[in-house]
Amino acid sequence: KSPRAPRSHTRTRKMATTVAGSMAGKLCVVTGANCGIGKEIAMEFARAGARVVMACRSRDRAASAAEDIVHDTRNPHVEFRELDLARLSSVRAFAAGFNGPLERVDVLINNAGAMFGARAVTLDGFEATWQVNCLGPHLLARLMMPALARAAAAASPPHAPGAARYVYVGSRLEQRGKVADELSLALCQPKTQDAPGLQAAVDTRAGGTAHPMFSSLPRALASVEGGTGDDKFDTFGVYGTAKQAGTALTYELARRVEAEVTGAAARGGNNCGSSGITIHACTPGLVHTNLGRFANPVLRVLATPVQWALTKTSKQGAEVPLWLARSESDEIIGAGSSGGYFGTEGSFAPGPVVALVSSKTSRDPKVGSKLWDLCQEMHGDVDGPLVT
């Protein structure tokens with residue numbers, strides 16, 4: 001079943017950007033919560049009384065941010081747990097911290113991301129933009145589904161609509177993505193260290209194994225064969241492609257959770273036929289954050305005045321994911337609503353949350369299915385069903 005087709009924002013009922021009400025007793029996990037949008041999301045969850053887990057790479061930066069949040073909200077239930085999306089072993093270890101003791105997670109916001117000004121390869125052997133913005137978050141979402149399912153099952157009533165929430169924070173740059181081109185290359189190229197392109201340059205000492213996904217980037221965007229190609233690396237194009245894939249995989253996750261629950265209900269294993277987990281993607285708009293902290297330094301300096309003048313604040317950028325995490329609107333948690341894409345009408349200014357239409361490629365179920373299988377090859381097996 002394809003995801004619910006998002007309606008054009010010109011025909012979509014506008015929704016408010018704030019939601020009142022307590023989140024006491026809920027456990028909310030926010031990736032990239034030490035700064036920017038992630039910190040604002042964590043702050044609002046804590047202010048509403050939730051227990052907040054800040055999933056961050058840097059302990060020092062997270063500790064400082066946690067102190068700010070505790071001081072401002074007077075909520076002491078804010079903690080740091082290490083998560084480095086550039087290391088798949090870190091993703092697995094982070095998720096095991098919840099699944100080992102069978103903790104319940106009510107909300108997971110996959111917010112962390114990064115732009116890079118030059119090509120880079122992770123220790124796992126994958127292009128860094130791809131792993132940090134798509135592959136790592138996708139693996140995290142899959143591994144955390146059982147924790148979300150436990151929260152939904154413990155709700156009153158069990159599996160109530162929106163009892164647990166998963167939100168992938170994407171970008172409108174996904175409209176520039178070239179996932180279809182990358183897939184066509186990935187599916188016809190050999191997965192060897194001799195494969196042409198970026199993954200052939202993986203340092204074998206890091207233990208990485210070459211994979212053809214994104215192997216076209218050095219040739220088409222960075223001209224690796226003629227040198228390092230760093231000055232020609234298309235930061236926004238590569239980032240947009242990773243976010244397009246992440247959005248497509250969010251829709252695919254929603255489809256697979258629904259199919260799994262429907263199958264379990266048919267076998268008598270889930271009487272209500274609902275997972276109780278709402279899954280959505282969103283775009284916060286153009287926000288002034290340190291997302292591009294790894295980008296070209298000259299570009300960062302030149303862009304700073306423009307960013308301050310034209311972009312949203314982090315607090316404004318956090319409004320959309322916060323709405324998806326807390327709203328009781330039928331648009332968000334109603335039957336068949338899972339697998340939506342939300343944002344504001346304009347990228348530069350705050351406003352009511354509306355349903356948007358992501359790229360045609362991201363909404364193609366065939367693309368989502370192919371990406372799922374490719375990611376499975378990249379990150380390795382994930383044991384057990386998603387939610388049942």
Side-chain angles (χ1 to χ4, degrees), residues 3 6 29-32 37-38 55 83-86 88 91 108-116 122 124 126-145 165-183 186 211 213-214 217 235-257 279-285 287 289 291-292 317 320-321 324 338-343 356-379 382 386:
V29 177
V30 186
T31 70
I37 293 174
L83 172 67
D84 185 354
L85 293 171
L88 296 182
V91 177
L108 169 61
I109 308 290
N110 237 333
N111 161 76
M115 284 183 174
F116 297 87
T122 68
D124 295 303
F126 303 112
E127 197 279 325
T129 310
W130 163 255
Q131 180 162 335
V132 173
N133 294 285
C134 180
L135 181 63
H138 172 64
L139 176 60
L140 178 65
R142 288 193 61 180
L143 293 171
M144 293 291 283
M145 279 296 122
R165 315 281 180 104
Y166 169 63
V167 180
Y168 173 74
V169 180
S171 169
R172 276 188 171 165
L173 283 174
E174 68 88 20
Q175 295 282 351
R176 293 185 53 183
K178 299 184 183 297
V179 165
D181 293 342
E182 290 298 328
L183 278 174
H211 196 288
M213 190 66 176
F214 275 91
L217 297 180
T235 296
F236 296 102
V238 177
Y239 177 79
T241 297
K243 285 297 187 180
Q244 185 180 73
T247 302
L249 285 164
T250 303
Y251 297 155
E252 182 67 12
L253 177 62
R255 284 190 291 265
R256 293 194 180 219
V257 166
I279 299 171
H280 291 303
C282 72
T283 171
V287 180
T289 67
L291 173 69
V320 179
L324 296 179
S338 204
Y341 185 69
F342 295 85
L356 300 174
V357 180
S358 61
S359 63
K360 181 178 179 181
T361 297
S362 70
R363 291 182 285 114
D364 186 340
K366 293 181 180 179
V367 169
S369 180
K370 290 177 181 178
L371 280 170
W372 188 282
D373 292 343
L374 278 174
C375 286
Q376 176 78 20
E377 292 180 13
M378 291 177 174
H379 60 56
V382 175
L386 288 167

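Heavy-atom basis, side chains included; hydrogens, waters and symmetry copies ignored.
When all heavy atoms of V367 and A248 are compared, the closest pair comes out as CG1-CB, 4.5 Å. Contact record, G170 with P284: O-CD, 3.5 Å, taken as the closest heavy-atom pair. Scanning both residues, Q175 and S358, for their nearest heavy atoms gives NE2-C, 3.6 Å. The two atoms that bring A112 and G32 nearest to each other are CB-N, 3.6 Å, heavy atoms only. For the residue pair E174 and S359, the shortest heavy atom distance occurs at OE1-OG, 2.6 Å. Shown here for Y251 and G340, the closest heavy-atom pair between the two residues is CE2-O, 3.8 Å.
Looking only at side-chain heavy atoms (C-beta outward), Q244 and T361 come within less than 4.5 Å of each other. Between T283 and V320, every side-chain heavy-atom pair lies at or beyond the 4.5 Å cut-off. Looking at I279 and T250, their side chains come closer than 4.5 Å, going by heavy atoms from C-beta outward. Side-chain contact between F342 and L356: absent, with no pair of heavy atoms (C-beta onward) separated by less than 4.5 Å. Considering only heavy atoms from C-beta on, M378 stays 4.5 Å or farther from L88 through its side chain. Two residues are said to be in side-chain contact when any heavy atoms from C-beta on lie closer than 4.5 Å; R142 and W372 meet this criterion. Side-chain contact between P137 and T31 is absent, with no heavy-atom pair separated by less than 4.5 Å. Counting only heavy atoms from C-beta outward, the side chains of T129 and M115 never approach each other to under 4.5 Å.
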Practice prompt. Start with the C-alpha distance between T241 and R176, add both sets of side-chain angles, then the distance that settles side chain to side chain contact (heavy atoms under 4.5 Å, CB included), and finish with yes or no.
Written response: CA-CA 7 Å; T241 297; R176 293 185 53 183; over 6 Å; no

Item to complete: Take F116 and T235 through the test side chain to side chain contact (heavy atoms under 4.5 Å, CB included) and record every step on the way to the result.
Response: CA-CA 6 Å; F116 297 87; T235 296; 5.9 Å; no

Practice prompt. Would you please test Y239 and N133 for side-chain hydrogen bond (donor to acceptor under 3.5 Å, both in side chains) and show each step?
Written response: CA-CA 8 Å; Y239 177 79; N133 294 285; 4.6 Å; no

Worksheet item: Are V169 and N110 close enough, and set up right, to give a side chain to side chain contact (heavy atoms under 4.5 Å, CB included), and what steps lead you there?
Response: CA-CA 6 Å; V169 180; N110 237 333; over 6 Å; no

Discussion item. Applying side chain to side chain contact (heavy atoms under 4.5 Å, CB included) to L85 and Q131, what does each step give before you reach the verdict?
Written reply: CA-CA 7 Å; L85 293 171; Q131 180 162 335; 5.9 Å; no

Discussion item. Go through it in stages, so that I can follow the logic: the residues are E182 and K178, the test is salt bridge (charged side-chain N to carboxylate O under 4.0 Å, His left out), and I'd like the CA-CA distance, side-chain angles, deciding distance and then a yes or no.
Written reply: CA-CA 6 Å; E182 290 298 328; K178 299 184 183 297; over 6 Å; no

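Side chain of T247 to main chain of K243: a donor-acceptor pair is present (N/O by atom type, distance under 3.5 Å, no hydrogens or angles). Between the side chain of D364 and the backbone N or O of K366, at least one donor-acceptor pair lies under 3.5 Å.
C375 pairs with exactly one of L249, V382, L139 by the side chain to side chain contact (heavy atoms under 4.5 Å, CB included) rule, that one being L249.
Atoms CG and CG, on L135 and L140 in that order, are 11.5 Å from each other to the nearest 0.5 Å. Atom-to-atom distance recorded for S362:OG and E252:CD is 12.5 Å, nearest 0.5 angstrom. Note: Y166 OH to I109 CD1 = 9.0 Å, rounded to the nearest 0.5 Å.
Between H280 and Y168, a ring centre-to-centre spacing not shorter than 6.0 Å is recorded.
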